[in-house]
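In what follows, a structure is listed as structure tokens, so that the remarks can point back to it.
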Amino acid sequence: MTTTVQMPQAQPEETPPKASSGTWRRFRKEPLGMIALVVLAVLVFAAVAAPWLADYPTGYGDRVLEGPSGAHWFGTDSLGLDVFAEVVWGARQSLLVAAAASLIAIVFGTLLAVVGAYFKRVDAVVGVIVDLTLSLPVLPLMILVAALVGPSTVTIIFVIAAFSWPEVTRVVRSQALSVVRMPYVDAARLMTSSPAWIIRRHVVPAVMPLILVSVVLTASRAVLSAAGLAFLGLGDPNTWSWGRILYEAQQAGAMSTAWWLPLFPSLAIFLLVLAATMLSTAYNDARNPRRNR
Amino acid sequence: MSLWLFVLRRIGRGVATIWFAVTVTFLMLRLLPGDPALAIASTNMTPEIRAELLNQYGLDQSLPVQYVKYLGELLQGNLGMSFSQNIPVGDALMQQLPWTLLLVGVALVVTVAIGIPLGVVAASRAGGLLDRVVQVVAVTGQSLFVPSIGILLLYVFGLQLGWFPIGGAYTAGTYGGEWYLSVLSHLVLPCLSLVLVQLGAYVLTVRSTLMESLGEDYIVLAKANGLPYRRVLWKHALRNALLPTTTLIGMQICLYVVGGVILIETVYAYPGIGRGIYDAVTRLDFPVLQGAFLLLAGVVVVVNMITDIVYGLLDPRVKVGSS
């Protein structure tokens, strides 16, 4: 049950409690995994508690481009706004985009993968689309769509989701394909005529660990994509995000003189992505202790 | 015979991928919210030019007719006019493409040249101190946001130490050897940024696949035959570990290299396609954005195709498999 603390969907009901509590027990012994969990918790806290941590940065301040001090922990930008407030509110935006985009990509990608694995005809089509999409450069495509539709938070979420699901499908599909060939799935076919039941009862639980890792990795990649789009001027112009802080600094030509402007949002992105990577590695190791040792 | 079949099949896949990219772009331009006429022809243009452009692209006709016309225009290399620069998009992109290819090419070669040996060394001392250091560096590098590392290097080596120029691709007013030197010195920082971000994926892939192949029977046999460990490692085991690495290069190019180069060119005001995209975003120059995507997609597909074919020529299993 303890696994639910780290990841809400961690425990499919079918898993014997013993196995997953063993995962959690081993996970707790991975120092890097625990550190990653703490870092992520701090960032999520900053995102949730942003209104209590800092006032929303807007308008103009009187102290322009001032280095970090007691009054402004992360310094001020070229409009005199507090960079700490921008980073905290940026965490809110960045995590929102990451969570929403990865959720959509995971649900859609997994659905296509498991349904495809079960129905061969669907699989052929899905496989070709995934192959073709994965052999195209993603960022220019995202840029084109975001520019056409016009940058807003909703646009960015859907654009990132739309080009993230093929990777999820690719990973989940290969696992799902090997599961549907298992004898116990054949046995299930004798018991029921409902593919939906077999997929829900047998295929989805079997790919669940992969999905969990995928959620974390897709979300961290979404943060990078969103920051990249924002850095090119395609972020939501009405909301602060980590990428937008960098974009505004670049636009104001303040990047080279005020080192604190790029430093703090960069650190935030770096910590988030690094923590996500370490968390998924530690989870993999804890789930399968023989691996990689 | 089977070899030709393999090459032909691979070329067919490349063509299919490019067709897919073109079709996706066409559908996006026509079906996404936003006036398609606006996407092709700017409202800033005079009504005559606008009407002519709309007619040229057949925007008053049905979707299938438009699609055929669109394909026809692209086959003739017509990507439309850039409305901020008032020159054909194709010409603008062709001026930028060599710089981007230079940057990506050098970065890729350096990454592979460092990444593979590092991965081999890490795998051969798995669990040791060196292995752990290499792994930490690899994972850290992978988590970097490209502009962040670009700005950091620019700040330290460009501004504080003054070792390298902070932007552009060459020093204006230099000729001959001096010009080449200036190109080289402008290349160092953006290239290094790309290498640092890419390196981790190569090191970790080589490491894990090598460790797998080191446990296989033919390696045990080679060792039992008394071959020196170094030879077994670098010749016998590494050869098989290179297949996933080649696949990785292709995937990396699609997902990160192209994205990374767009961002890094923006940081360093490098006159390649990435910088062109940044300028086009600022001016909402849709024909340039569309052309840039199609061109980059084309380059990526062709590079992947060549890599696969060369690999197929080198790897006996591919020949057997395709017959």
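All chains are named by letter (A, B, ...) in the order of the sequence lines, taking the proteins before the strands, and each is independently numbered beginning at 1.
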Quiz item: Measuring heavy-atom distances to chain A, does B:Leu263 have an atom under 4.5 Å in its side chain, in its backbone, in both, or in neither?
Solution: both
Quiz item: Between atom CD1 of B:Ile149 and atom CZ of A:Phe270, what is the distance when rounded to the nearest 0.5 Å?
Solution: 9.0 Å
Exercise. Could you tell me which portion of A:Ser220 (side chain, backbone, both or neither) has an atom closer than 4.5 angstrom to a non-hydrogen atom of chain B?
Key: neither
Self-check item: Residue B:Leu144 versus chain A: region with a heavy atom under 4.5 Å
Solution: both
Exercise. Compare all side-chain heavy atoms of B:Val258 with those of A:Leu139 and state whether any distance is below 4.5 angstrom.
Key: no
Exercise. Working to the nearest 0.5 Å, report the span between CZ of A:Phe231 and CZ of B:Phe145.
Key: 6.5 Å
Self-check item: Point-to-point distance, once rounded to the nearest 0.5 Å, from CD1 of A:Ile269 to OG of B:Ser143
Solution: 11.5 Å
Practice problem: Identify the two heavy atoms, one from B:Ile262 and one from A:Pro140, that lie closest to each other, and give their separation to 0.1 Å. | Solution: CD1-CG, 3.8 Å
Quiz item: Do you know which of A:Ala275, A:Gly228, A:Gly233, A:Pro262 has the most heavy-atom pairs under 4.5 Å to chain B?
Solution: A:Gly228
Practice problem: Check B:Val267 against A:Gln250 and note the closest heavy-atom contact, atom names and distance. | Solution: CA-NE2, 4.1 Å
Self-check item: Region of B:Ala297 that comes under 4.5 Å of a non-hydrogen atom in chain A
Solution: both
Quiz prompt | Greater than 12 external heavy atoms within 6.0 Å of A:Phe158's CZ | solution = no
Practice problem: Give, as side chain, backbone, both or neither, the part of A:Ser135 having an atom under 4.5 angstrom from any heavy atom of chain B. | Solution: both
Quiz item: To the nearest 0.5 Å, how far apart are CE in B:Met28 and CG in A:Leu144?
Solution: 4.0 Å
Quiz item: Checking B:Leu296 against chain A: side chain, backbone, both or neither under 4.5 Å from a heavy atom?
Solution: both
Practice problem: Measure the spacing between CG of A:Leu232 and CZ of B:Arg275 and express it to the nearest 0.5 Å. | Solution: 10.0 Å
Self-check item: chain A contact via B:Val139 - which portion, at a heavy-atom distance below 4.5 Å
Solution: both
Quiz item: Among A:Asp131, A:Leu136, A:Val128, whose side-chain contact (heavy atoms from CB on, under 4.5 Å) with B:Phe20 holds?
Solution: A:Leu136
Practice problem: Can you measure from CG (B:Leu289) to CG (A:Leu141) and round to the nearest 0.5 angstrom? | Solution: 11.5 Å
Quiz item: What do the steps show when you test B:Ile151 against A:Leu246 for side chain to side chain contact (heavy atoms under 4.5 Å, CB included), and what is the final call?
Solution: CA-CA 10 Å; B:Ile151 293 163; A:Leu246 293 170; 4.3 Å; yes
Exercise. Please confirm whether the backbone N or O of A:Leu274 pairs with a side-chain atom of B:Gln142, one donor and one acceptor, at under 3.5 Å?
Key: no
